[in-house]
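Everything below concerns the one structure shown next.
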Amino acid sequence: MFLKKLKVDIGFPAPLGATPQKNGVNFSIFSHSAEKIVLCLFNSWGYETYHIPMNRSEDIWHVFVQGISPGQLYGYRVYGPYDPKNGLWFNGHKLLLDPAAKQITEPIFFHESQLPYIAGHSKREFSFSTLDSAPFVPKCVVVDDTLLRVPRTTRPYINDKDTIIYETHVKGTTIKNEAIPKRIRGTFEGLAHPKTISYLKNLGITTVELLPIAAFNTPEHLLNLRLNNYWGYDPVCLMAPHTSYLSEANLLEIKNMIQAYHTNGMEVILDVVYNHTGEGGYMGPLLSYRGIDNLSYYRFVPEEPRYYLDDTGCGNTLNLAHPATLQLTIQALRYWAEVFDIDGFRFDLAVTLARNGENVYTPDAAFFKVLQKDTVLSKIKLIAEPWDLGPNGYQLGNFPSFFSEWDGEFRDTTRRFWKGDMGQAQAMFHHLTKSIVGEQTEKNAILRKVNFITAHDGFTLYDLVSYNDKHNLPNKEQNRDGNNANFSWNSGIEGTTNNPTILNFRIRRIRAMIATLLLSNGIPMILGGDEKLRSQDGNNNAYCQDNKISWLSWGKPNNFEQNIFNFIQKVIHLRKENKELISLLIQAPTLLKEKNMYALKPDGTQMETSDWHGYVRCFSIYIKDNKNNLRYNLILNASDFNLEYKIPNEDMSAKWKMILDSSETIKKFSIQNGSFNAPSWGLLLLKGAL
């Protein structure tokens with residue numbers, strides 16, 4: 001089995017991972033509770049060729065192996081007590097992936113041999129499994145990142161007020177695009193293709209946000225259902241890319257992709273998952289962390305360390321309050337930012353990352369402090385999903401000021417307002433003029449919020465106006481999965497229809513929501529494919545749909561699809577060309593206090609508190625730009641009727657022009673006797689010069 005003896009030295013504790021040097025490779029891994037760790041080397045056919053015991057310096061295990069080089073395949077076998085009741089799952093028969101690996105050989109799929117116990121036995125027994133998992137686990141690859149670290153073009157550093165985010169998926173974006181070579185469709189290279197970049201640039205996108213690209217696991221239950229993990233929110237190796245996204249096994253492909261976007265003045269940010277791993281619940285497989293040091297990496301039910309705290313809904317919760325987990329996370333972030341020049345990160349379930357030992361969220365968490373002080377990470381975009389499933393898990397507005405935050409309240413209010421729900425007008429006004437509904441401290445700047453109506457999780461924009469209910473049967477969970485509170489309305493017919501009246505009404509509502517999104521203060525985020533009217537057939541939880549349900553279509557657009565693409569392009573251009581309007585929106589709290597911004601009723605008088613009560617579905621935001629002698633009037637009419645609106649008496653003499661009509665029904669705008677027509681189910685933006 002083993003070849004000639006290799007020469008080994010004691011090695012160095014830092015850095016963690018496999019680090020090539022002049023005459024060999026240094027290996028380093030953390031484990032507090034292990035009794036022995038063996039480095040396993042493999043040849044190119046995947047056969048285990050060497051077992052090398054590692055040396056220990058406190059909680060770091062390390063060894064230097066001479067005569068090997070980048071490309072070497074490796075993994076770990078970790079030995080210690082097997083005591084599941086007390087959270088100890090050590091099993092040397094299981095090959096484990098290095099948490100700090102920078103590349104692995106293939107995608108990760110569940111196999112029975114990865115379980116630490118004998119499958120099929122009683123949960124109480126957890127009989128020790130002697131099945132060797134090595135044939136069914138990818139191997140880690142030693143990477144020389146010297147070439148990756150060569151600086152290329154500089155980051156664009158796009159200001160928040162100029163940022164337009166496009167959330168998309170590496171594979172789903174290009175897998176069906178026949179305009180690019182088949183070999184690179186669905187890969188980083190496909191994302192870097194000039195046709196992909198020019199499409200996004202032409203739309204007006206400044207920042208592409210990629211769903212998770214770190215190596216992830218496809219768990220047992222999906223394999224049993226013959227489904228695939230599409231979204232990738234089950235990470236195992238935080239620094240190694242998912243291998244299927246590489247057209248070849250060359251990490252330069254990622255670097256080149258990012259550089260291509262930078263050359264075109266665009267940013268790339270990553271959706272990262274540091275709240276849980278793909279090892280699942282306490283009966284899940286031993287892939288890495290659980291078999292290396294379960295008690296350090298994860299968080300547990302007090303007094304019952306067999307069971308994980310599950311603040312994520314994914315079976316386990318990583319413990320960033322532990323120095324080793326925190327160090328690994330920061331190392332991963334710096335790797336992506338320094339080596340690949342990533343422009344920022346969106347943190348999935350970010351509340352989890354800042355829970356203390358008592359499972360309480362704190363803005364003073366160690367993770368936040370390290371980010372703030374880091375010379376690299378503190379200078380790029382950091383976006384929080386400000387909730388998780390734990391106690392008091394909704395923390396919108398309570399993140400440190402260097403974070404932007406996904407505003408889920410903006411999403412829900414915008415959906416409900418343009419659905420015609422009662423009592424949403426005042427909330428819609430607040431979302432357009434303030435950063436977050438409710439009490440807000442001065443530290444929370446307007447642009448700290450990321451506005452969105454749709455994201456990967458939930459309905460697409462077209463499905464939002466086409467379905468009253470979720471239709472998740474393809475997920476094979478009897479339609480039990482996915483959110484039931486979608487605030488959607490099918491516009492009169494459920495699902496697919498050829499009825500021209502319904503189709504036109506759907507498009508009209510979509511345009512109104514797009515205009516609301518792109519003219520609100522904050523950073524707008526568009527879901528990839530919404531500009532193509534992408535439908536998931538009513539599926540609002542397509543995490544396991546690695547097929548046409550989730551992929552973007554690249555066929556010739558029909559008239560409706562082209563209309564929406566053109567409209568988004570138009571409003572993005574309007575936003576970019578009217579910077580003074582965006583600046584005024586950023587100043588909204590000040591303007592509101594100074595009475596230079598307020599809500600109007602159709603008769604041209606200001607809305608009072610009592611006017612918001614009842615079934616109000618139409619209002620306007622009136623803005624005075626005294627510095628430039630300009631006025632803006634933003635009218636939102638989510639009613640079934642065209643309404644006559646009046647210009648305030650004080651500005652009757654201004655020269656008004658219409659710069660946006662989301663309904664696209666006004667052929668020639670005019671003001672007669674100080675009044676104008678506000679179309680139903682539409683947003684109207686007027687600009688007046690004094």
Side-chain angles (χ1 to χ4, degrees), residues 165-205 208-211 227-228 230-232 244-245 247 452-467 470-475 488 490-491 494-498 500 502-504 506-507 509-511 513-514 525-569 572:
I165 297 175
Y166 185 90
E167 186 201 43
T168 194
H169 187 281
V170 173
K171 179 178 180 179
T173 303
T174 65
I175 190 67
K176 297 294 288 182
N177 190 349
E178 296 182 0
I180 66 176
K182 187 174 182 178
R183 179 185 65 84
I184 66 172
R185 294 175 199 164
T187 68
F188 295 111
E189 193 174 351
L191 275 179
H193 193 277
K195 288 190 179 295
T196 307
I197 294 178
S198 63
Y199 170 84
L200 295 171
K201 194 172 182 178
N202 186 40
L203 183 60
I205 301 303
V208 175
E209 180 181 312
L210 299 177
L211 266 64
L227 295 170
N228 195 22
Y230 177 66
W231 286 351
S244 296
Y245 298 162
S247 61
F452 66 105
I453 301 172
T454 53
H456 65 276
D457 188 359
F459 279 146
T460 65
L461 194 55
Y462 187 70
D463 286 354
L464 194 64
V465 299
S466 304
Y467 293 90
K470 65 184 183 183
H471 294 260
N472 295 357
L473 287 177
N475 297 353
S488 62
N490 64 21
S491 308
E494 186 76 358
T496 304
T497 181
N498 291 320
I502 298 296
L503 290 173
N504 279 294
R506 288 176 178 177
I507 298 305
R509 290 179 58 213
I510 285 173
R511 286 196 301 261
M513 285 190 279
I514 289 169
M525 185 185 81
I526 298 167
L527 172 62
D530 275 352
E531 79 286 359
K532 293 174 171 290
L533 295 183
R534 182 173 71 88
S535 173
Q536 293 178 166
D537 301 330
N539 193 322
N540 75 348
N541 189 34
Y543 76 103
C544 56
Q545 298 300 323
D546 189 1
N547 50 50
K548 65 179 182 179
I549 290 177
S550 299
W551 300 339
L552 271 66
S553 172
W554 288 93
K556 184 179 179 180
N558 61 35
N559 291 337
F560 289 120
E561 293 166 350
Q562 190 63 54
N563 177 278
I564 292 301
F565 181 94
N566 293 343
F567 185 77
I568 292 178
Q569 185 184 54
I572 289 176

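Once rounded to the nearest 0.5 Å, the distance linking CG of L533 with CD1 of I510 reads 5.0 Å. Rounded to the nearest 0.5 angstrom, N547 CG and I175 CD1 are separated by 11.5 Å. Atom CD of E209 sits about 6.0 Å away from atom CE of M525, to the nearest 0.5 Å. Q536 CD to I549 CD1: the interatomic distance, rounded to the nearest 0.5 Å, is 7.5 Å. Separating the CG atom in L527 from the CD1 atom in I165 is a distance of 12.5 Å, to the nearest 0.5 Å. For the atom pair T187 OG1 and K171 NZ, the distance stands at 11.0 Å (nearest 0.5 Å).
Counting heavy atoms from C-beta on, the side chains of K532 and L552 come closer than 4.5 Å. Side-chain contact between D463 and D537 is absent, with no heavy-atom pair separated by less than 4.5 Å. Using a 4.5 Å heavy-atom cutoff, the side chains of E531 and Y166 are in contact.
Between the side chains of N539 and N475, a donor-acceptor pair is found at a separation under 3.5 Å. Counted by atom type alone, N177 and T196 present zero donor-acceptor pairs between their side chains at under 3.5 Å. Side-chain contact annotation: N490 with S466, donor-acceptor N/O pair under 3.5 Å absent. Counted by atom type alone, H471 and E494 present one or more donor-acceptor pairs between their side chains at under 3.5 Å. Inspection of the R511 and N563 side chains reveals an N or O donor paired with an N or O acceptor under 3.5 Å.
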side-chain contact (heavy atoms from CB on, under 4.5 Å) evaluation trace for S535 with Y462:
CA-CA 6 Å; S535 173; Y462 187 70; 4.1 Å; yes
Show the numbers, then the answer: is there a ring pair (Phe, Tyr, Trp, His ring centres under 6.0 Å) between Y199 and F565?
CA-CA 11 Å; Y199 170 84; F565 181 94; 5.5 Å; yes
Show the numbers, then the answer: is there a side-chain contact (heavy atoms from CB on, under 4.5 Å) between I184 and T174?
CA-CA 8 Å; I184 66 172; T174 65; over 6 Å; no
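Under a 3.5 Å cut-off, the side chain of D530 and the backbone N or O of L461 do form a donor-acceptor pair. In this structure, N541 contributes its side chain and N472 its backbone to no donor-acceptor pair below 3.5 Å. Using modelled atom types, no side-chain atom of R534 and backbone atom of T460 make a donor-acceptor pair closer than 3.5 Å. Although no hydrogens or angles enter the test, the distance criterion places a donor-acceptor pair under 3.5 Å between the side chain of S488 and the main chain of Y467. When atom types are taken as modelled, the side chain of R506 and the backbone of V465 share a donor-acceptor pair closer than 3.5 angstrom. In this structure a side-chain-to-backbone donor-acceptor pair under 3.5 Å is present from Q545 to P474. In terms of modelled atom types and a separation under 3.5 Å, the side chain of N566 and the main chain of Q562 share a donor-acceptor contact. Side chain of E167 to main chain of I526: no donor-acceptor pair is present (N/O by atom type, distance under 3.5 Å, no hydrogens or angles).
Aromatic ring orientation, H169 versus Y245: perpendicular (interplanar angle above 60°, classes split at 30° and 60°).
Classification of E189 and R183 as a salt-bridged pair holds, one side-chain N sitting under 4.0 Å from a carboxylate O.
Residues that satisfy the side chain to side chain contact (heavy atoms under 4.5 Å, CB included) test with S198, not counting sequence neighbours, are absent from this structure.
Evaluation of the side chain to side chain donor-acceptor pair (under 3.5 Å) test over residues 550-559, restricted to residues two or more places apart or in two chains, returns D546-W551.
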